[in-house]
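Taking it in order: structure first as structure tokens, then the write-up.
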Amino acid sequence: MANKGFIKELQKIYKQGNIVPFMGAGLSMPYSVPDWGSLIRECGLYMGIEDIGGTSFLPMLNHNLYRHDYWEAVRIIKKYLNRTEEDIQQFIVKKISDCIPSRLDGIKNNYEDLAKYNFNIYFTTNYDHIVQKYIDTNFVPVNLKDIKTNIQNLMSDVTINRIFHLHGHISDSSSIVISEEKYKELYNNDVYKALFSVFSGVKTFLFLGFSFNDVFIQNIIKDNNEFFKSKHYIIMANPTLENITYLKQNYNIETITYDPNKSSHQEEIAKILDEICTASDDKSSNLLNQEETETPIDELPNKEEKQQLEKNLFCRKLRIEVIDEIKVDYSKECFFTAEQYFRWLKKSGIKNNKKYADHFLALSYMKYKDLLISEYGEEKDSGKFLKAVHNSLKNLEFTKLKNIISDDNMPNEINKQGFIHILADAIGAEKEVWWGDKRIEKE
């Protein structure tokens, strides 16, 4: 059965801390939150779609909703009821707020299941904040396009849980995306596209709570197709073979199937999550996590992972200069192991670990700046400059931390050489790292 193979793949990705749950409307349905089709229909009824000058436009609305053409249905409400985008957004906020029970105790749900495991970044297309009731975080959920934080620091900080809404949320009615115009405005946003490309290139999405007929997930995948080169996964109830083949061949999305008739949607999804996050051959997942925290072990990227790294900013900066392929390949390996080291440091329990991580990067940057002047400034040879930086960094001593971090747990030579590429990968960072005079044009 294909599910077993995909679950085994996800078990490995989960242990690396690289799964991002991508949550759809199905996960909020146990709380009586209407799906998009129901929201639009109820909006039309509330605003008088059944009697417009003595004529009912409800059959026209229902026809488009049956075809899952939500945008056309929204256009009907706007056109024939003379309603604005703001009118519809405000209705959605009130409707969802009224539907959510005041007490959530006793409701079986997959948000609670997700909260059991070691995820720290969550994506959702839902407007409600129910997930925040279960995920332990001090950070208010925000829209993805509004992120101002350094993206590399955000993704590497596994100590903080963050929830990102793609299509807005009920705390800000103006942020809600329900019409085609708002959707295109969002997906044409350069900041949004840059952030989405980074997440989809470095992390693995696990889609939950979506059906194949969900127009929003179809459009997200279609409009971000350029970013779906690496493999992602979707958990789906009884999809057809045609659906499975379509997602794989067009978007490299693997489908994990389940049959809700065996119990329920919630219980079957919970079983799959448990299989992914609790490997059957682990005698004790807590012991495994403790061992992984105690000693940083380096793993080199495989061929597929190296291909995924081509999308990263640090790699694109190398590619615009005349640098040998073997040096670029080696830089990928250094970056990959440096990321592993920083993930370990975050989980290590060492007090002030973020301060020490910043110290590693700051000293690496100063070495880079010194060589930028002495090496690149004289010969303007990017390949030689990169080699000089690597040689200098591998011998870099972090003497001030030797009494704090044991010798066994200090970064090794490969990690140290990767630190400069971690800095180069940071979008909008104050410490800019380039390997020559060329710059990447803004898309």
Side-chain angles (χ1 to χ4, degrees), residues 11-19 117-121 150-162 202-203 277 279 281-302 305-306 309 312 314 329-368 370 389-426 429 431 433:
Q11 285 172 347
K12 182 179 178 181
I13 299 169
Y14 172 74
K15 288 177 185 177
Q16 295 170 343
N18 284 330
I19 293 180
Y117 305 113
N118 190 29
F119 304 113
N120 69 296
I121 295 175
N150 179 288
I151 194 69
Q152 188 63 47
N153 291 343
L154 184 151
M155 286 197 293
S156 63
D157 192 348
V158 298
T159 63
I160 297 173
N161 294 324
R162 298 177 188 268
V202 176
K203 299 291 186 178
C277 303
D281 59 350
D282 288 342
K283 293 181 180 179
S284 169
S285 60
N286 289 333
L287 179 60
L288 176 66
N289 289 336
Q290 183 181 0
E291 290 172 351
E292 287 179 347
T293 299
E294 287 175 355
T295 308
I297 303 297
D298 294 315
E299 291 183 9
L300 293 178
N302 58 34
E305 288 168 330
K306 283 186 178 181
L309 289 175
N312 281 52
F314 87 91
D329 189 72
Y330 181 66
S331 297
K332 291 180 184 179
E333 293 172 345
C334 294
F335 172 85
F336 196 80
T337 63
E339 271 206 323
Q340 290 175 50
Y341 181 81
F342 280 131
R343 281 199 298 271
W344 168 83
L345 187 60
K346 293 289 184 182
K347 295 179 182 179
S348 66
I350 297 173
K351 190 176 180 181
N352 295 322
N353 53 32
K354 186 178 185 307
K355 180 180 177 181
Y356 304 145
D358 291 341
H359 179 70
F360 291 140
L361 294 174
L363 290 190
S364 300
Y365 184 69
M366 291 308 296
K367 280 289 184 184
Y368 161 84
D370 179 43
V389 170
H390 279 173
N391 286 336
S392 179
L393 291 180
K394 73 181 181 182
N395 296 315
L396 188 59
E397 295 289 337
F398 301 106
T399 52
K400 290 184 178 179
L401 301 183
K402 283 194 171 183
N403 293 328
I404 300 170
I405 302 175
S406 69
D407 289 342
D408 288 341
N409 290 336
M410 286 290 277
N412 60 34
E413 290 184 0
I414 306 299
N415 302 152
K416 293 178 195 176
Q417 293 172 73
F419 290 166
I420 197 63
H421 299 296
I422 294 288
L423 285 167
D425 203 55
K431 298 179 177 67
V433 174

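Note: hydrogens, waters and symmetry copies are ignored here, and every other heavy atom, side chains too, is used. Numbers for residues simply follow the sequence, beginning at 1.
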Tell me, do [X] and [Y] make a side-chain contact under 4.5 Å, heavy atoms counted?
X	Y	result
Phe336	Ile414	no
His421	Val389	no
Lys416	Phe398	yes

> Hey, is NZ on Lys367 packed in by over 12 heavy atoms from elsewhere, all under 6.0 Å?
Replying inline: no
Closest approach of [X] to [Y] (non-hydrogen atoms, all atoms of both residues):
X	Y	result
Ile420	Ser364	CD1-O, 4.0 Å
Ala338	Asn415	CB-O, 3.6 Å
Glu339	Ile422	CG-CD1, 3.5 Å
Gly17	Lys203	O-NZ, 3.2 Å

When you measure from the side chain of [X] to the backbone N and O of [Y], does any donor-acceptor pair fall under 3.5 Å?
X	Y	answer
Lys332	Leu309	no
Tyr341	Asn409	yes
Asp425	Phe314	yes
Glu305	Asn302	yes

> When you look at Lys306 and Glu333, which way does the side-chain contact (heavy atoms from CB on, under 4.5 Å) test go after all the steps?
Replying inline: CA-CA 8 Å; Lys306 283 186 178 181; Glu333 293 172 345; 2.9 Å; yes
With rounding to the nearest 0.5 angstrom, report the [atom1] to [atom2] distance, [X] to [Y].
X	Y	atom1	atom2	answer
Asn353	His359	CG	NE2	14.5 Å
Lys400	Ile405	NZ	CD1	14.0 Å
Leu423	Tyr365	CG	OH	8.5 Å
Tyr368	His390	OH	NE2	12.0 Å
Leu300	Cys334	CG	SG	9.0 Å
Lys355	Leu401	NZ	CG	9.5 Å

> Are Tyr14 and Phe119 close enough that their ring centres sit under 6.0 Å apart?
Replying inline: yes
>> So, using ring pair (Phe, Tyr, Trp, His ring centres under 6.0 Å) as the criterion, who are the partners of Tyr117 when residues are at least two apart?
In response: none
> Going through the distances and angles, do Leu396 and Phe419 end up as a side-chain contact (heavy atoms from CB on, under 4.5 Å)?
Replying inline: CA-CA 11 Å; Leu396 188 59; Phe419 290 166; over 6 Å; no
